[in-house]
A.B. asks: 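First the structure, which I've put down as structure tokens, then a few questions once you've had a look.
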Amino acid sequence: MVDYKLLEALATVIETGGFERAGVTLGLSQSAISQRIRTLEVRIGQPVLLRSPVLKATPAGQQLLNHVQQVKLLERDLAKSLPALSEPAARLRIALNADSLATWWASAISDFCSNEALLLDMVVEDQDTALRRMREGDVAACLCSNPQPAAGARRVPLGTMTYLALATPSYQKRYFSQGFNEQSVRAAPAIIFGPNDQLQHRFLAQVGYHGAFPYHLCPSSEGFMKLALAGMGYGMIPEIQARQEIEAGRLVSIAASQSLEVELYWHFWRHSGGVMERLTTALKAAHS
């Protein structure tokens, strides 16, 4: 049986991004953390961490991280029936897309976290790639647009987010006065959340354009909106986030009657206990 102090060291190194920070979190020296990782690797007979070019778990380390995430959640449920085991509020590490975090996420989980005495460690990741974090053992669950569940995990569809290609009226007049066409798309700067963000590409492919286009990169949902309102580009913005700006006439759709529907899926490990089932119920209720 693996010593859970060793697993805790591994999980903390990955969560904090380094041995020194893991030591501070656990109240240990950096050398003590390193020793625990070495001991774990000796116990299982193979490395659990890759130190370069970036710190990340090996496939064996990923399996152990997935295991310790599930154990923490199961212990959380056990403490409900055995109060003597209760500790300060439990932590749950989740990967989710920035647009959900900026719109509906907080209202969906606020009461749940309060009732469950649960603290969230939220990792912002592009909705097309968040599932990778879960497969790597970095998070216990994720919210993303990928419909394929990881092995040993459940996938629950939550509903859709509607995205519109929005810009200021002056921007639309400058670049799209002749309509939304190939020539205007080649000239008009877009705004993209990050290098893994495929919303713009999917939208343009949906309307028949598959070529290159100029773009700004802005890894902030709030900043994304501000850039659009400043007339720096057009971008795929959730309708729910832009509703007031649209009603006020500050943002307009540059492609009339066109939208992009993105399905959202909630992924979590099958043996994560009742706390994850209850969280899933809360998320489904928010989209019902």
Side-chain angles (χ1 to χ4, degrees), residues 17 92-110 112-113 119-134 138-146 157-172 188-206 213-255 258-267 279 282-283 286-287:
L92 179 62
R93 189 168 169 85
I94 295 172
L96 72 161
N97 63 307
D99 289 333
S100 291
L101 183 59
T103 53
W104 62 271
W105 175 260
S107 59
I109 54 89
S110 58
F112 174 84
C113 289
L119 300 174
L120 295 186
D121 187 354
M122 290 165 280
V123 179
V124 175
E125 188 63 86
D126 283 318
Q127 58 204 353
D128 293 323
T129 59
L131 188 57
R132 172 181 55 82
R133 291 268 196 162
M134 186 172 159
D138 185 30
V139 298
C142 77
L143 176 68
C144 67
S145 60
N146 193 327
L158 293 183
T160 62
M161 285 191 75
T162 299
Y163 286 80
L164 301 174
L166 300 176
T168 61
S170 60
Y171 180 94
Q172 182 188 41
I191 308 169
I192 292 179
F193 184 80
N196 295 319
D197 180 13
Q198 292 296 305
L199 288 181
Q200 198 82 26
H201 302 77
R202 289 165 60 184
F203 176 76
L204 292 177
Q206 180 177 287
F213 56 91
Y215 58 86
H216 304 284
L217 287 177
C218 178
S220 160
S221 186
E222 181 183 12
F224 196 104
M225 176 74 83
K226 288 185 175 181
L227 291 184
L229 288 168
M232 289 185 62
Y234 74 99
M236 304 307 299
I237 301 176
E239 183 180 29
I240 185 175
Q241 185 181 17
R243 191 167 294 151
Q244 289 185 342
E245 306 296 346
I246 294 171
E247 291 173 353
R250 289 186 288 269
L251 290 177
V252 296
S253 173
I254 62 170
Q258 293 286 345
S259 65
L260 181 66
E261 303 296 322
V262 175
E263 297 286 339
L264 291 179
Y265 299 92
W266 174 240
H267 298 258
L279 176 54
L283 294 178
H287 279 266

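Counting begins at 1 with the first residue of the sequence. Below, each value reflects all heavy atoms present in this structure, side chains not excepted, and no hydrogens, waters or symmetry copies.
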A.B. asks: Under the criterion side-chain contact (heavy atoms from CB on, under 4.5 Å), I'd like the reasoning laid out for Val262 against Arg202: C-alpha separation, chi angles, the key distance, then a yes or no.
C.D. replies: CA-CA 10 Å; Val262 175; Arg202 289 165 60 184; 4.3 Å; yes

A.B. asks: What distance separates Arg133 CZ from His267 NE2, expressed to the nearest 0.5 Å?
C.D. replies: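 The CZ atom of Arg133 sits 15.5 Å away from the NE2 atom of His267.
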
A.B. asks: To the nearest 0.5 Å, how far apart are CD1 in Ile94 and CG in Leu120?
C.D. replies: 5.0 Å

A.B. asks: Could you check if a side-chain atom of Tyr265 sits within less than 4.5 angstrom of a side-chain atom of Leu131, using non-hydrogen atoms only?
C.D. replies: no

A.B. asks: Provide the closest heavy-atom pair for Cys218 versus Ile191 in the form atom of the first, atom of the second, distance.
C.D. replies: CB-CG2, 4.2 Å

A.B. asks: Hey, could you give me the CD/CG distance between Gln172 and Leu251, rounded to the nearest 0.5 Å?
C.D. replies: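 One finds 11.0 Å between CD of Gln172 and CG of Leu251.
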
A.B. asks: Using salt bridge (Lys or Arg N to Asp or Glu O under 4.0 Å), reason through Arg243 and Glu247 one step at a time and then give a plain yes or no.
C.D. replies: CA-CA 6 Å; Arg243 191 167 294 151; Glu247 291 173 353; 5.4 Å; no

A.B. asks: Under a 4.5 Å cut-off applied to non-hydrogen side-chain atoms, are Leu283 and Trp104 in contact?
C.D. replies: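 Yes, their side chains come closer than 4.5 Å.
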
A.B. asks: Quick one: CG on Leu260 to OG1 on Thr160, what's the gap to the nearest 0.5 Å?
C.D. replies: 10.0 Å

A.B. asks: Closest heavy-atom contact between Ala102 and Gln241?
C.D. replies: CB-NE2, 4.1 Å

A.B. asks: To the nearest 0.5 Å, what is the distance between CD (Gln198) and CE (Met236)?
C.D. replies: 12.5 Å

A.B. asks: Given 3.5 Å as the limit, does a donor-acceptor pair link the side chain of Gln206 with the main chain of Ser259, or not?
C.D. replies: yes

A.B. asks: Looking only at heavy atoms, what is the nearest atom pair of Ala130 and Cys144, with distance?
C.D. replies: CB-CB, 3.8 Å

A.B. asks: Do Leu164 and Ile237 have side chains that approach each other closer than 4.5 Å (heavy atoms only, starting at C-beta)?
C.D. replies: no

A.B. asks: Which value, rounded to the nearest 0.5 Å, describes the distance between Met161 atom CE and Glu261 atom CD?
C.D. replies: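 Answer for the CE-CD pair, Met161 versus Glu261, is 10.5 Å.
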
A.B. asks: I want to check something: taking the side chain as every heavy atom from C-beta on, are Leu264 and Ser100 in contact at a cut-off of under 4.5 Å?
C.D. replies: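 They are in side-chain contact.
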
A.B. asks: Check whether any side-chain heavy atom of Glu125 lies under 4.5 Å from a side-chain heavy atom of Arg132, and answer yes or no.
C.D. replies: yes

A.B. asks: Give a yes or no on whether the backbone of Met232 and the side-chain of His216 come within a donor-acceptor separation of less than 3.5 Å.
C.D. replies: yes

A.B. asks: Closest approach of Tyr234 and Ala188, non-hydrogen atoms and distance?
C.D. replies: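 Taking Tyr234 first and Ala188 second, the nearest heavy atoms are CE2-O, 3.8 Å.
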
A.B. asks: List the residues meeting ring-ring contact (aromatic ring centres under 6.0 Å, His included) with His201, not counting sequence neighbours, and say none if there are none.
C.D. replies: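 Phe213.
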
A.B. asks: Can you tell me if Gln200 uses its side chain to pair, donor with acceptor, with the backbone of Gly235 under 3.5 Å?
C.D. replies: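 It does not hold such a pair.
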
A.B. asks: Would you name the heavy atoms of Phe193 and Phe224 that are closest together and state the gap between them?
C.D. replies: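 Answer, listing the atom of Phe193 first, then Phe224: N-CE1, 3.7 Å.
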
A.B. asks: List the steps, then state whether side-chain contact (heavy atoms from CB on, under 4.5 Å) holds for Leu92 with Leu279.
C.D. replies: CA-CA 11 Å; Leu92 179 62; Leu279 176 54; 3.7 Å; yes

A.B. asks: Can you tell if the side chain of Leu166 reaches within under 4.5 Å of the side chain of Ile246, non-hydrogen atoms only?
C.D. replies: yes

A.B. asks: If only side-chain N and O atoms count, and only distance matters, is there a donor-acceptor pair under 3.5 Å linking Ser145 with Glu263?
C.D. replies: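 No, no side-chain donor-acceptor pair sits under 3.5 Å.
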
A.B. asks: So for atom CZ, which belongs to Phe112, do other residues, nucleotides or ligands contribute more than 12 heavy atoms lying within a distance under 6.0 Å?
C.D. replies: yes

A.B. asks: Please report the shortest heavy-atom distance between Ala95 and Val139, naming the atom on each side.
C.D. replies: N-CG1, 3.9 Å

